[in-house]
Amino acid sequence: MRRNQLITTPLSTFIRKTLNPKSVSIESIQENITQFQIPPKFSTLSGFNPTQQIRFPINPQIHFIWNSNLCSSVSSNETNSCCWNCNNQRPFLICESCGSIQPADHSIDYFKIFGLERKFDIDDGSLEGTYKSWQKKLHPDLVHTKSKEEREYAAEQSARVIDAYTTLRKPLKRAIYVMSLEGIEVDEEQTVSEPELLGEIMEIREAVEEANDSQALNKIHSEMEVKLRRWFDSFANAFKSKEYDEALKAIQRMTYYHRVNEEIVKKL
């Protein structure tokens with residue numbers, strides 16, 4: 001339809017074509033239209049502001065509100081971006097409009113929860129502060145006056161924040177997680193078939209078993225930390241370059257050295 005045809009189309013005809021006749025009667029709409037004393041001007045569209053809230057005169061049978069902040073027109077597969085209580089656009093945790101705690105949105109990855117870019121190399125120094133800030137808002141003492149539904153949301157959100165924090169703060173877990181975001185699942189129980197690596201790990205474990213004091217154990221622990229940092233860097237470079245086979249190889253070595261450290265910690 002050309003623009004001049006659209007402009008001259010009677011409003012009642014336009015309404016009949018765009019509204020569900022079962023939801024509201026044409027007569028009630030026309031009754032609202034007649035309440036306007038000044039006829040609308042369609043000579044220009046230059047003054048149109050799509051963000052402006054527009055209200056028709058209130059009638060018991062009809063009340064339209066056009067607000068660009070509302071989610072009522074969002075398709076069903078995007079409704080998670082709307083507050084369950086006021087239907088406004090909502091953030092991850094609490095609706096800024098009505099203050100309602102929101103259900104956990106699993107489409108939001110752990111990096112977004114902490115406001116970080118999705119990558120292996122992150123500034124983990126900011127994790128703890130953000131983590132404590134989220135948990136304060138979800139503390140049972142602060143949500144006990146909320147409805148049962150919102151208290152359940154708070155518990156679910158708290159568990160998800162804890163999981164995100166423990167995953168991102170540990171490099172090995174973070175490496176496995178970023179791979180999963182790329183659709184690559186890591187089998188942590190998979191063994192390697194490289195004789196050189198297996199021989200190295202056997203020697204290290206024997207040294208751990210034979211260590212008689214904390215000084216000897218701490219020395220082995222420091223050596224493992226050096227190896228881990230080297231393979232963390234190797235993983236970061238491979239992941240950034242999308243060389244996922246090399247990234248998986250780095251994770252396997254990180255896993256072995258990490259398990260050695262766990263054995264050392266148990267003996268200390």
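Computation of the quantities below employed the complete heavy-atom set of this structure, encompassing side-chain atoms and omitting hydrogens, waters and symmetry-equivalent molecules.
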Q.
Testing the 3.5 Å rule here: is there a donor-acceptor pair between the side chains of Tyr110 and Asp163?
A. yes

Q) Considering only heavy atoms from C-beta outward, does the side chain of Ser97 approach that of Cys83 to under 4.5 Å? A) no

Q. Is there a donor-acceptor pair under 3.5 Å between the side chain of Arg174 and the backbone N or O of Phe120?
A. yes

Q) Do NZ/NE/NH1/NH2 and the carboxylate oxygens of Glu246 and Lys249 come within less than 4.0 Å? A) yes

Q.
If you apply the rule side chain to side chain contact (heavy atoms under 4.5 Å, CB included), what do you find for Ile101 with Lys137, and how did you get there?
A. CA-CA 9 Å; Ile101 297 175; Lys137 296 177 180 179; over 6 Å; no

Q) Glu128 and Lys132: salt bridge (Lys or Arg N to Asp or Glu O under 4.0 Å), yes or no, with the steps? A) CA-CA 6 Å; Glu128 186 174 1; Lys132 289 181 178 180; 3.2 Å; yes

Show me the donor-acceptor pairs within less than 3.5 Å that the side chains of residues 225-240 make with the rest of the protein, sequence neighbours left out.
residue : atom : partner : partner atom : Å
Glu225  : OE2  : Asn261  : ND2          : 2.8
Lys227  : NZ   : Glu200  : OE2          : 2.8
Asn237  : ND2  : Asp233  : O            : 3.2

Q: Evaluate the criterion salt bridge (Lys or Arg N to Asp or Glu O under 4.0 Å) for residue pair Arg253 and Glu194; output intermediate values, then yes/no.
A: CA-CA 11 Å; Arg253 283 154 180 76; Glu194 295 182 25; 2.4 Å; yes

Q) Going by heavy atoms in the side chains, are His106 and Arg160 under 4.5 Å from each other? A) yes

Q. Nearest heavy-atom pair of Phe111 and Ile122: which atoms, and what distance?
A. CE2-CG2, 3.9 Å

**Q.** Cationic N near anionic O, under 4.0 Å, Arg259 to Glu189
**A.** yes

Q.
Nearest 0.5 Å, please: how far is CZ in Arg169 from CZ in Phe114?
A. 10.0 Å

Side chains of residues 210-220: which donor-acceptor pairs under 3.5 Å do they make with residues two or more places apart or in other chains?
residue : atom : partner : partner atom : Å
Asp213  : OD1  : Gln215  : N            : 3.3
Asp213  : OD1  : Ala216  : N            : 2.8
Asn218  : ND2  : Ser214  : O            : 3.1
Lys219  : NZ   : Glu223  : OE2          : 2.8

Q: Mind running side chain to side chain contact (heavy atoms under 4.5 Å, CB included) on Cys95 and Cys86 for me, showing each step along the way?
A: CA-CA 9 Å; Cys95 177; Cys86 70; 3.6 Å; yes

**Q.** Interatomic distance, Leu138 atom CG to Arg151 atom CZ [nearest 0.5 angstrom]
**A.** 14.0 Å

Q | Non-hydrogen side-chain atoms of Lys119 and Val178 separated by less than 4.5 Å | A | no

Q | Spacing of NZ belonging to Lys266 relative to CD1 belonging to Ile264, to within rounding of 0.5 Å | A | 12.0 Å

Q. So, the side chain of Ser126 versus the backbone of Asp123: is there a donor-acceptor pair under 3.5 Å, distance only?
A. yes

Q.
Can you see whether Gln135 engages His139 through a side-chain donor-acceptor pair at a distance of less than 3.5 angstrom?
A. no

Q) Minimum heavy-atom separation for Glu185 to Ser180, with atom names? A) OE2-CB, 3.9 Å

Q: Could you go through the side chain to side chain contact (heavy atoms under 4.5 Å, CB included) check for Arg118 and Leu181 one step at a time?
A: CA-CA 9 Å; Arg118 184 194 290 186; Leu181 293 179; 3.6 Å; yes

Q.
Any non-hydrogen side-chain atom of Ile113 less than 4.5 Å from a side-chain atom of Thr130?
A. no

Q: In sequence, state the C-alpha distance, the side-chain angles, and the governing distance for Glu150 and Trp84, and then conclude on side chain to side chain contact (heavy atoms under 4.5 Å, CB included).
A: CA-CA 11 Å; Glu150 286 190 74; Trp84 61 269; 3.5 Å; yes

**Q.** Side-chain donor-acceptor contact under 3.5 Å, Tyr153 with Gln102
**A.** no

**Q.** From CG (Asp105) to NZ (Lys112), nearest 0.5 Å
**A.** 9.0 Å

Q) Can you name the nearest heavy-atom pair linking Pro171 to Met254, along with the distance? A) O-CE, 4.4 Å

Q) Is there a side-chain contact between Ser158 and Trp134 (heavy atoms, below 4.5 Å)? A) no

Q. Can you tell me how far the CD1 atom of Ile204 sits from the OH atom of Tyr257, to the nearest 0.5 Å?
A. 5.5 Å

(Q) I'd like to know if the side chain of Thr255 reaches the main chain of Ile251, judged simply by a donor and an acceptor atom lying under 3.5 Å from each other, with no hydrogens or angles considered. (A) yes

Q | Cys98 side, atom SG; Asn87 side, atom CG - distance, nearest 0.5 Å | A | 10.0 Å

